[in-house]
Chemist: 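Okay, here's the structure, questions in a sec.
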Number of protein chains: 2
Amino acid sequence: MTDFAKLKAHIQKRHSFTDSEANDFCQNFKMTRVKKRQFIVQPEFTAKNRFYVVQGSFRAYVIGDEGQEHTIQFAIEDWWITDYNSYIFQQPASMFVMALEDSIVLQINYETEQELKKRKHLYESFFRVLAEHTAAHMARRVILNLTKTAEQRFEFVQERYPEIVNRVPQYALASFLGITTEYLSKLRNKRVSPKS
Amino acid sequence: MTDFAKLKAHIQKRHSFTDSEANDFCQNFKMTRVKKRQFIVQPEFTAKNRFYVVQGSFRAYVIGDEGQEHTIQFAIEDWWITDYNSYIFQQPASMFVMALEDSIVLQINYETEQELKKRKHLYESFFRVLAEHTAAHMARRVILNLTKTAEQRFEFVQERYPEIVNRVPQYALASFLGITTEYLSKLRNKRVSPKS
DNA sequence: AAATCATCATGAACTGGTTCAACATGAAAT
DNA sequence: ATTTCATGTTGAACCAGTTCATGATGATTT
């Protein structure tokens, strides 16, 4: 399956786009290869693009006052990523979005997205649903952070997103969970081998 | 200004609705009075409505495993509220949404909203923007929780949303910040009168 | 094949925030 | 006018998670 075919399948699975609509829609995306550790969004600069991950993985994070990294989001195949506040409001980003491995994305830029939404009710609808899913997902994240302990959060994420847990470096996962790498290491090794 | 005039102003401030479009749109909302401590959303039941607050204030919260309340969102005049995951996906709610004072809301139900979005590109666009703002807002909340200490979060919320801080009960604010009422009380009294 | 860098592990001392208990105050209900 | 309930305060003991220090292992670079 080509890169564009993946995006097309993604769209048609969720919305009733005809083939020609889907093709027309996909034409507005640009395929880009991204090397491991390369940034696709950086603080200060406005995020001009929204990215659909065809292959590889990414990590969005901010740097705290004392220099610690805090992971806001991961994205693997078939997910979308960008600095949401920067992209939507076209204002300077506060996040880094970095490739965790050599990756391939399909990106759309802000003006093109605006034009698509204006052009066709169906496309507007597509982005509305995308925004709703993002909002719902973020709301669940807030609830998880408020209601569960670090250990429970770890267990939840491990069960719910095993592909991510097994794929991203431990320090990235720790900062996603809101704990230190040391503590995550301890949680992990607590669970295996009480080494009787 | 009547209740519907407030919603109309809210819409026209953010979107280019003609008067007749705005009137047509607003007709789909129903005015409801809600008494203090009354619930407009409850766990187990599917949230059938989205609410625009005309007057008063609300609090959305979940109950944790040990019975503690965790506030997910507040809403005062000119804000929207519901259990987002329940409403969007029409599945059973996990939240309570309760009036903090006698209030007036304008509510729209799920089917009506769907019909509006289908009927007119402009209405679809309205809800797309609403979803984007919700997503952006939630993303900022995640960042705040991950990057700041309880005290910094308190200071931030106090400065950014003084109307809320001064209006909601302290235990509700504490559970919004992710701390106990006792600790919030201490933070507050630390700040005033070192009583030399 | 070294040498360097990125990642993970482990222990000991420490701290931000919790828990528990007891009390103070005002608002609502009878 | 009391009683009850909802809310906020304060202190002391406690614990989940941090910090700091040190070392192990494997991946990248030269």
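Letters A, B, ... are given to chains in the order of the sequence lines, protein chains preceding strands, and every chain is numbered from 1. All values below were derived from every heavy atom in this structure, side-chain atoms included, with hydrogens, water molecules and symmetry-related copies excluded.
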Chemist: Rounded to whole Å, please give me the gap between CG in B:L177 and P in D:dG8.
Modeler: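 Whole-Å distance recorded here is 13 Å.
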
Chemist: Please, which pairs that meet salt bridge (Lys or Arg N to Asp or Glu O under 4.0 Å) have at least one residue in residues 66-76 of chain A, sequence neighbours excluded?
Modeler: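 Listed by first then second residue: A:R59-A:E69.
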
Chemist: Between D:dA16 atom P and A:F154 atom CZ, what is the distance in whole Å?
Modeler: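 Going from CZ in A:F154 over to P in D:dA16 covers 17 Å.
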
Chemist: Which ILVMFWY residues are connected to B:L146, directly or by a chain of links, through side-chain heavy atoms under 4.5 Å apart?
Modeler: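 Joined to B:L146, directly or through intermediates: A:V62, A:I72, A:M95, A:M138, A:V142, A:I143, A:L146, B:V62, B:I72, B:M95, B:M138, B:V142, B:I143.
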
Chemist: Without decimals, in angstroms, what is the distance between A:Y171 OH and C:dC5 P?
Modeler: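 Atom OH in A:Y171 sits about 16 Å away from atom P in C:dC5.
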
Chemist: Quick one, give me the B/S/- string for nucleotides 15-25 of chain C, reading 5' to 3', where B means a protein heavy atom under 4.0 Å from the base and S means that only happens at the primed atoms, P, OP1 or OP2.
Modeler: -SBBBB-----

Chemist: Kindly write out the residues that satisfy salt bridge (Lys or Arg N to Asp or Glu O under 4.0 Å) with A:E21, not counting sequence neighbours, or none if the list is empty.
Modeler: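 For A:E21, the residues satisfying salt bridge (Lys or Arg N to Asp or Glu O under 4.0 Å) (neighbours in sequence not counted) are A:K120.
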
Chemist: Between side-chain atoms of residues 176-184 of chain B and protein atoms elsewhere (two or more places apart, or another chain), which donor-acceptor pairs fall under 3.5 Å?
Modeler:
from	atom 1	to	atom 2	distance (Å)
B:T180	OG1	B:Y183	N	3.2

Chemist: To the nearest 10 degrees, how far apart in direction are the end axes of the helix from C:dA1-D:dT30 to C:dT30-D:dA1, each fit to five base pairs?
Modeler: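 Taking the rotation axis at each end, their angle is 50°.
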
Chemist: Could I get the full list of salt bridge (Lys or Arg N to Asp or Glu O under 4.0 Å) partners for B:R167, not counting sequence neighbours?
Modeler: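 By the salt bridge (Lys or Arg N to Asp or Glu O under 4.0 Å) rule, B:R167 matches B:E77, B:E101.
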
Chemist: Which residues satisfy the salt bridge (Lys or Arg N to Asp or Glu O under 4.0 Å) test with B:D24, sequence neighbours excluded?
Modeler: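 Once residues adjacent in sequence are excluded, the partners of B:D24 under the salt bridge (Lys or Arg N to Asp or Glu O under 4.0 Å) criterion are B:R119.
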
Chemist: Parallel, tilted or perpendicular: which one describes the rings of A:Y61 and A:F96, with boundaries at 30° and 60°?
Modeler: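 Answer is parallel, since the angle falls under 30°.
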
Chemist: Roughly how many Å is it from CG in A:N145 to P in D:dA16, rounded to a whole number?
Modeler: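 Answer to the nearest Å: 19 Å.
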
Chemist: Return the value, rounded to whole Å, for the distance between atom NE2 of A:H70 and atom P of D:dT18.
Modeler: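 Atom NE2 in A:H70 sits about 11 Å away from atom P in D:dT18.
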
Chemist: With a 3.5 Å cut-off and sequence neighbours excluded, list the donor-acceptor pairs that the side chains of residues 37-48 of chain B form with protein atoms.
Modeler:
from	atom 1	to	atom 2	distance (Å)
B:Q38	OE1	B:K35	N	3.1

Chemist: Taking only N/O atoms, report every protein-nucleotides 28-30 of chain D pair under 3.5 Å with atom names and distance.
Modeler:
none

Chemist: Parallel, tilted or perpendicular: which describes the rings of B:F25 and B:F127, with under 30° parallel and over 60° perpendicular?
Modeler: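 Because their plane-to-plane angle lies in the 30° to 60° range, the rings of B:F25 and B:F127 count as tilted.
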
Chemist: Applying side-chain hydrogen bond (donor to acceptor under 3.5 Å, both in side chains), name anything that partners A:R153, two or more places apart in sequence or on another chain.
Modeler: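 A:R153: no side-chain hydrogen bond (donor to acceptor under 3.5 Å, both in side chains) contacts found.
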
Chemist: In whole Å, I'd like the distance from the CG atom of A:N189 to the C1' atom of C:dG11.
Modeler: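 Result: 13 Å.
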
Chemist: For B:K117, check salt bridge (Lys or Arg N to Asp or Glu O under 4.0 Å) against everything at least two apart and list the hits.
Modeler: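 For B:K117 the salt bridge (Lys or Arg N to Asp or Glu O under 4.0 Å) partners, ignoring immediate neighbours, are A:E132, B:E113.
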
